[in-house]
Amino acid sequence: MNGICPKHVDSVITFVLGGPGSGKGTQCARIVETFGFKHLSAGDLLRKEVVSATEYGTMILDTIREGKIVPSAVTVKLILREMESSDNHKFLIDGFPRSEENRIAFERITGSEPDFVLFFDCPEEEMVKRVLSRNQGRIDDNIDTIKKRLKVFEALNLPVVDHYERRGKLHRINAVGTEDEIFEQVRPVFAACEQTAA
Ligand SMILES: Nc1ncnc2c1ncn2[C@@H]1O[C@H](COP(=O)(O)OP(=O)(O)O)[C@@H](O)[C@H]1O
Ligand SMILES: Nc1ccn([C@H]2C[C@H](O)[C@@H](COP(=O)(O)OP(=O)(O)O)O2)c(=O)n1
Ligand SMILES: [Mg+2]
């Protein structure tokens, strides 16, 4: 349990990690409908800043186009704003942290760590195939950007996975198979969380 902010003294925080196209968003939708978590996609929050043409919009757009990671203070601020305005105290934070800088910024700003972390482990060729057939009109769903994103994933995201594995907080999910087969690996993790919270 986390006392992330006065409003949510008993909040549950889950980070959802995995490379581009590993199935984070898809599985988060299943977790939301089954276990009633609030889904916060860091990528979606950043894209909303671009669409709303806020002060960070252009920087975020350029960063996403290059497959790089937006400065953590921006992303953490967006996540925290959503958490503080939500009536739900169970949070599924999708696509975050994507670097040690992200992770440390979250801990420093919120004073909290996740209760547990999901990692969708997917081979690169499968991730590329899924991203290129995602058809969501995203500027980063192209072969050039996905190659850059995979390098960022390897260099910056995996150290975060190792960190939580060392702390015994990581649940590694085999992300190859049908959406149902993958969700059947996810379900017991959240069922156990419900037991603990009861
Ligand atoms: N198990 C799966 N098998 C095949 N395609 C999948 C699977 N899970 C998700 N997808 C598809 O792959 C693409 C990427 O999934 P998404 O959930 O957006 O991944 P992420 O959020 O990790 O980038 C989407 O088009 C989605 O419909
Ligand atoms: N913690 C994060 C999450 C996403 N971003 C940026 C960089 C990412 O390539 C894009 C897209 O993230 P998103 O999680 O939506 O991407 P996928 O669903 O994994 O394909 O947003 C970031 O800078 N920091
Ligand atoms: Mg996603």
Side-chain angles (χ1 to χ4, degrees), residues 13-33 39-51 56-80 82-83 91-107 109-110 114 117-161 173-186:
I13 298 174
T14 303
F15 288 155
V16 181
L17 307 181
S22 56
K24 299 183 296 299
T26 302
Q27 293 298 319
C28 282
R30 299 287 292 267
I31 296 164
V32 165
E33 76 189 36
H39 179 210
L40 297 177
S41 161
D44 288 348
L45 294 174
L46 291 166
R47 282 184 285 272
K48 211 163 97 179
E49 292 295 296
V50 175
V51 169
Y56 302 119
T58 308
M59 175 273 289
I60 292 170
L61 180 64
D62 294 342
T63 305
I64 289 178
R65 184 184 286 118
E66 283 307 303
K68 293 181 179 159
I69 304 295
V70 169
S72 300
V74 173
T75 312
V76 172
K77 184 172 140 189
L78 297 174
I79 291 170
L80 208 48
E82 291 297 312
M83 295 178 82
F91 299 103
L92 210 49
I93 305 178
D94 171 0
F96 182 93
R98 265 200 155 93
S99 64
E100 282 291 279
E101 190 215 38
N102 264 188
R103 178 182 68 75
I104 293 161
F106 184 88
E107 287 175 17
I109 295 168
T110 67
V117 179
L118 286 186
F119 170 53
F120 290 104
D121 195 357
C122 191
E124 280 200 3
E125 60 277 6
E126 178 67 14
M127 290 195 276
V128 172
K129 192 178 96 187
R130 291 180 187 177
V131 163
L132 295 182
S133 55
R134 182 153 49 186
N135 296 329
Q136 289 173 2
R138 286 176 39 173
I139 55 150
D140 54 345
D141 281 354
N142 63 74
I143 191 63
D144 293 333
T145 307
I146 182 74
K147 283 182 177 164
K148 293 174 185 172
R149 296 187 64 202
L150 288 170
K151 286 194 169 62
V152 168
F153 170 69
E154 195 78 31
L156 300 181
N157 296 185
L158 286 182
V160 176
V161 173
I173 306 288
N174 173 9
V176 175
T178 68
E179 293 173 26
D180 288 345
E181 286 166 342
I182 293 160
F183 186 67
E184 284 319 305
Q185 300 171 67
V186 170

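Atoms within a ligand are numbered from 1 in the order they appear, just like the ligands themselves.
The minimum heavy-atom distance linking S22 with G19 is given by the pair OG-O, 2.7 Å.
Atom 3 (C) of ligand 2 has as its closest protein heavy atom G95 O, 3.1 Å. Residue, atom and distance of the protein heavy atom nearest to atom 13 (P) of ligand 2 are R98 NH1, 3.7 Å. Summary of contacts: the protein heavy atom closest to atom 7 (C) of ligand 2 is K68 O, 3.3 Å. In terms of protein heavy atoms, atom 6 (C) of ligand 2 is closest to L46 CD1, 3.7 Å. Summary of contacts: the protein heavy atom closest to atom 15 (O) of ligand 2 is R47 NH2, 2.8 Å. Summary of contacts: the protein heavy atom closest to atom 23 (O) of ligand 2 is V70 N, 2.7 Å. Of the protein's non-hydrogen atoms, R134 NH2, 2.8 Å is the one closest to atom 20 (O) of ligand 2. Scanning the protein for heavy atoms near atom 9 (O) of ligand 2, the closest one is R149 NE, 3.0 Å.
F120 pairs by the ring pair (Phe, Tyr, Trp, His ring centres under 6.0 Å) definition with nothing, not counting sequence neighbours.
When non-hydrogen atoms are compared, ligand 2 lies under 4.0 Å from neither the backbone nor the side chain of R103. If you look at N102 next to ligand 2, the close heavy atoms, those under 4.0 Å, all belong to the side chain. Within the 4.0 Å heavy-atom criterion, the part of D140 lying near ligand 2 is the side chain and not the backbone.
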Within the protein, flag every N or O under 3.5 Å from an N or O of ligand 1, and note the pair and distance.
{"unit_1": "ligand 1", "atom_1": "1 (N)", "unit_2": "G177", "atom_2": "O", "d": "2.9"}
{"unit_1": "ligand 1", "atom_1": "17 (O)", "unit_2": "G25", "atom_2": "N", "d": "3.3"}
{"unit_1": "ligand 1", "atom_1": "17 (O)", "unit_2": "T26", "atom_2": "N", "d": "2.8"}
{"unit_1": "ligand 1", "atom_1": "17 (O)", "unit_2": "T26", "atom_2": "OG1", "d": "2.6"}
{"unit_1": "ligand 1", "atom_1": "18 (O)", "unit_2": "R134", "atom_2": "NH1", "d": "2.9"}
{"unit_1": "ligand 1", "atom_1": "19 (O)", "unit_2": "G23", "atom_2": "N", "d": "3.2"}
{"unit_1": "ligand 1", "atom_1": "21 (O)", "unit_2": "G25", "atom_2": "N", "d": "3.0"}
{"unit_1": "ligand 1", "atom_1": "22 (O)", "unit_2": "S22", "atom_2": "N", "d": "3.3"}
{"unit_1": "ligand 1", "atom_1": "22 (O)", "unit_2": "S22", "atom_2": "OG", "d": "3.4"}
{"unit_1": "ligand 1", "atom_1": "22 (O)", "unit_2": "G23", "atom_2": "N", "d": "3.0"}
{"unit_1": "ligand 1", "atom_1": "22 (O)", "unit_2": "K24", "atom_2": "N", "d": "2.8"}
{"unit_1": "ligand 1", "atom_1": "22 (O)", "unit_2": "K24", "atom_2": "NZ", "d": "2.8"}
{"unit_1": "ligand 1", "atom_1": "23 (O)", "unit_2": "G21", "atom_2": "N", "d": "2.8"}
{"unit_1": "ligand 1", "atom_1": "23 (O)", "unit_2": "R134", "atom_2": "NH1", "d": "2.8"}

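Not a single heavy atom of T63 lies less than 4.0 angstrom from ligand 2.
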For the pair E125 and K129, evaluate salt bridge (charged side-chain N to carboxylate O under 4.0 Å, His left out) and give the outcome as yes or no after the intermediate values. CA-CA 6 Å; E125 60 277 6; K129 192 178 96 187; over 6 Å; no

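Looking at R65 and D140, no side-chain N of the basic residue comes within less than 4.0 Å of a carboxylate O on the acidic one, giving no salt bridge.
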